[in-house]
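To start, the structure under review is shown below, and the notes come after it.
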Amino acid sequence: MQNLPGFRDFYPNDCARRNYILATWREVARRYGFVEYDGPVLEPIELYEKKSGGELIGQLFDFPDKAGRHVAMRPEMTPTLARMVAAREKDFKKPLKWFCCPQFFRYEKQQRGRLREFYQLNADIVGEASFAADVELVSLAIDVLRGFGFTEKDFVVRICDRSIWVNFFAENGGDLRRSTEFLRVIDKIGREDDTTSEAKLKEFGIGLSRVRDFMAKPYADAGLEATLRELEKRDLAIFTELDSAIVRGLAYYTGFVFEIFDRGKRERALAGGGRYDNLLSLMSDGKVSLPALGFGMGDVVLANLIDDTPRAKAKMDAWIAQEHAADIFVVIAKEERRPEALAILQQLRDAGLRVDFPLTAEKVGRQFQAAGQAGAELAVLVGDEWPQLTIKTLATRREDKILHTELADWLRNRQEGG
RNA sequence: GUGACCGUAGCUCAAUGGUAGAGCUCCAGAUUGUGGUUCUGGCUGUAGCGGGUUCGAGUCCCGUCGGUCACCCCA
């Protein structure tokens, strides 16, 4: 039996890679004062129909459950977050700084950087309308990537504000009721050929050349200017670029938006997000109205970029080696001493050390080989000299002989000595 | 969902339509109480699956499943 397309088996090394990514996400998010939350993996389909309907539904893993409820595997977190916040909004001091590392499911044809199952860091700030929240969120996204060992040479954050396009639209005689439609056309300009874009823009009475001119000159409204200045104060401006072409495909974004790309342009977007000040009100039928913003960063593209970037790869490999390494390997040199060796083993494990040993009788040479493969620092050899032990430091091959009753003290001294 | 290319050992890959191979990994020995190197030997295949053409198919054709890439979409 093969696994389903777009779904992954996580063998120990794959699992370690995933854990590294999740651990780094969590570590940086906590450094920023974000707290972790989570919700159900399975939701009623209505939750996702509410926000946009139509196309989104086609990419859901959805099915009837045994009671006939129409349910869907979660494809994103925002609707769940909106429901959770709406239900107990008054229990939490604003602004909320919440993050989550959920596994998502989307029925799409997989290719590089896109599977049917993936993890995504989601970080959201709810209840703060000021640009300071925009800066905090982008800063978190940048520092997460720095946490993986990336620098400004590896990625760039392209930022924009949808309001500059809404203003442009109004100044060019556009009907503001159709501004969302207009933004969708702008979003696609880079991906569609010019004749298609030209034709679409004609519906709004705007020429492609005028749009191109607007994109070409650096422009920022007052809010975006403030955001950029603040990023400079945090020394994070080197990671960012103003880019009028970033408007994001989703209809619900209301202002500040950003996307993060690798400089080599080999991968899909690493992350994307923005402000969605009206979404909570929409999702809660007007019950709760709070400004909000957030971003998502997926593990698949991120892992590709880590593999492509030697500095980041080395950092990950070091973490994994550390995570998997045993502290001590107990070598049973005389099988008759196995009971004594097991007592030592238990004593060491009780002390919180990671200790491995041969489950069945093995040649000493093979045991040392296993010790090396386990990444152990020390081998504790139990054999003929009992009650004396031989402790071998594997990296230096140095050997110390001590009484087994002195083992705990010996280890303590070694640790204190550095 | 549409299109292109690909599918041979656990992994990376060879072999004009003519008896399925190599490297790595793994296992064993050289070395009966001291590892990573080296040397020697060994295991592994329904050629993704199902049809067809042919004296003969890993090779050519069709279908199907899976993979990769592009389109689409990107919550």
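Throughout, protein chains are lettered first and strands after them, A, B, ... in sequence-line order, and every chain is numbered starting at 1.
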Under 3.5 Å, is there a donor-acceptor pair linking the side chains of [X] and [Y]?
{"X": "Asn278(A)", "Y": "Tyr252(A)", "value": "no"}
{"X": "Glu43(A)", "Y": "Thr80(A)", "value": "yes"}
{"X": "Arg268(A)", "Y": "Gln111(A)", "value": "yes"}

(message) If the cut-off is 4.0 Å, is Lys188(A) near the phosphate of rC73(B), judged by side-chain N/O to OP1 or OP2?
(response)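 Result: yes.
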
(message) With a cut-off of less than 4.0 Å, is there a side-chain N or O of Arg106(A) near OP1 or OP2 of rC72(B)?
(response)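 No.
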
(message) Given the structure, check if the side chain of Glu385(A) and the base of rG33(B) hold any donor-acceptor pair shorter than 3.5 Å.
(response)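 Yes, a donor-acceptor pair under 3.5 Å.
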
(request) With sequence neighbours excluded, give me every ring-ring contact (aromatic ring centres under 6.0 Å, His included) pair touching residues 342-370 of chain A. (result)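 Of all non-adjacent pairs touching residues 342-370 of chain A, none passes ring-ring contact (aromatic ring centres under 6.0 Å, His included).
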
(message) Can you pull out the residues from residues 110-123 of chain A that lie within a 4.0 Å heavy-atom distance of RNA chain B?
(response)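 Heavy-atom contacts with RNA chain B come from Gln110(A), Gln111(A), Arg112(A), Arg114(A).
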
(request) Determine which nucleotide pairs with rC60(B), using a 3.5 Å limit on both distances of a Watson-Crick or G-U wobble pair. (result)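 Result: rG52(B).
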
(request) Using Watson-Crick or G-U wobble geometry with both distances below 3.5 Å, tell me the partner of rU40(B), or none. (result)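 rU40(B) is paired with rA28(B).
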
Are the charged groups of [X] and [Y] less than 4.0 angstrom apart, N to O?
{"X": "Arg398(A)", "Y": "Asp400(A)", "value": "yes"}
{"X": "Arg17(A)", "Y": "Asp14(A)", "value": "no"}
{"X": "Asp277(A)", "Y": "Arg275(A)", "value": "yes"}
{"X": "Lys94(A)", "Y": "Glu128(A)", "value": "no"}

(message) Can you work out whether Phe7(A) or Tyr107(A) has the more 5'-proximal nearest nucleotide on RNA chain B?
(response)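 Final value for this comparison: Tyr107(A).
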
(message) Judged by each residue's nearest nucleotide on RNA chain B, which is more toward the 5′ side, Lys109(A) or Lys401(A)?
(response)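 Per heavy-atom nearest nucleotide, the more 5' residue is Lys109(A).
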
(request) Counting heavy atoms from C-beta on, name the nucleotide in rU2(B), rU34(B), rG66(B) closest to the side chain of Pro5(A). (result)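 It is rG66(B).
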
(message) Among rC73(B), rC74(B), rG33(B), which nucleotide has an atom closest to any side-chain atom of Val364(A)?
(response)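 Nearest to the side chain of Val364(A) among the choices is rG33(B).
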
[atom1] atom, [N] versus [M]: distance in rounded Å?
{"N": "rG10(B)", "M": "rG45(B)", "atom1": "P", "answer": "8 Å"}
{"N": "rG7(B)", "M": "rU59(B)", "atom1": "C1'", "answer": "13 Å"}
{"N": "rC43(B)", "M": "rA22(B)", "atom1": "C1'", "answer": "16 Å"}
{"N": "rU12(B)", "M": "rU44(B)", "atom1": "C1'", "answer": "16 Å"}
{"N": "rA15(B)", "M": "rU8(B)", "atom1": "P", "answer": "14 Å"}
{"N": "rU68(B)", "M": "rU25(B)", "atom1": "P", "answer": "27 Å"}
{"N": "rG48(B)", "M": "rC6(B)", "atom1": "C1'", "answer": "12 Å"}
{"N": "rA47(B)", "M": "rC60(B)", "atom1": "C1'", "answer": "16 Å"}

Between [atom2] on [N] and [atom1] on [X], what's the gap in Å once rounded to a whole number?
{"X": "Phe368(A)", "N": "rU32(B)", "atom1": "CZ", "atom2": "C1'", "answer": "16 Å"}
{"X": "Glu267(A)", "N": "rU68(B)", "atom1": "CD", "atom2": "P", "answer": "13 Å"}
{"X": "Phe329(A)", "N": "rU34(B)", "atom1": "CZ", "atom2": "C1'", "answer": "13 Å"}
{"X": "Arg397(A)", "N": "rG36(B)", "atom1": "CZ", "atom2": "C1'", "answer": "7 Å"}
{"X": "Tyr11(A)", "N": "rC11(B)", "atom1": "OH", "atom2": "C1'", "answer": "12 Å"}
{"X": "Arg268(A)", "N": "rC71(B)", "atom1": "CZ", "atom2": "P", "answer": "8 Å"}
{"X": "Ile260(A)", "N": "rC74(B)", "atom1": "CD1", "atom2": "C1'", "answer": "16 Å"}
{"X": "Gln59(A)", "N": "rG1(B)", "atom1": "CD", "atom2": "P", "answer": "12 Å"}

Between N or O atoms, less than 3.5 Å apart, protein on one side and nucleotides 27-29 of chain B on the other: list the pairs.
residue : atom : partner   : partner atom : Å
rA28(B) : OP2  : Arg366(A) : NH1          : 3.2
rA28(B) : OP2  : Arg366(A) : NH2          : 3.1
rG29(B) : OP1  : Lys363(A) : NZ           : 3.1

(message) Checking Asp124(A) against Tyr276(A) for the side-chain hydrogen bond (donor to acceptor under 3.5 Å, both in side chains) test, could you report, in this order, the C-alpha distance in whole Å, the side-chain angles of both residues, the deciding distance, and whether it holds?
(response) CA-CA 10 Å; Asp124(A) 293 86; Tyr276(A) 49 92; 2.4 Å; yes

(request) Please determine if Arg116(A) forms a cation-pi arrangement with Tyr107(A), meaning its NZ or CZ atom is less than 6.0 Å from the six-membered ring centre and no more than 45° off the ring axis. (result)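 Relative to the ring axis of Tyr107(A), which defines the angle, Arg116(A) lies inside both limits.
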
(request) Test the Arg18(A)-Phe10(A) pair against the cation-pi criterion, namely NZ or CZ under 6.0 angstrom from the six-membered ring centroid and within 45° of the ring axis. (result)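 Arg18(A) over Phe10(A) ring: yes.
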
(request) Report which part of the nucleic acid Gly365(A) touches: base, sugar-phosphate, or nothing (heavy-atom distance under 4.0 Å, all strands). (result)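 Result for Gly365(A) = sugar-phosphate.
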
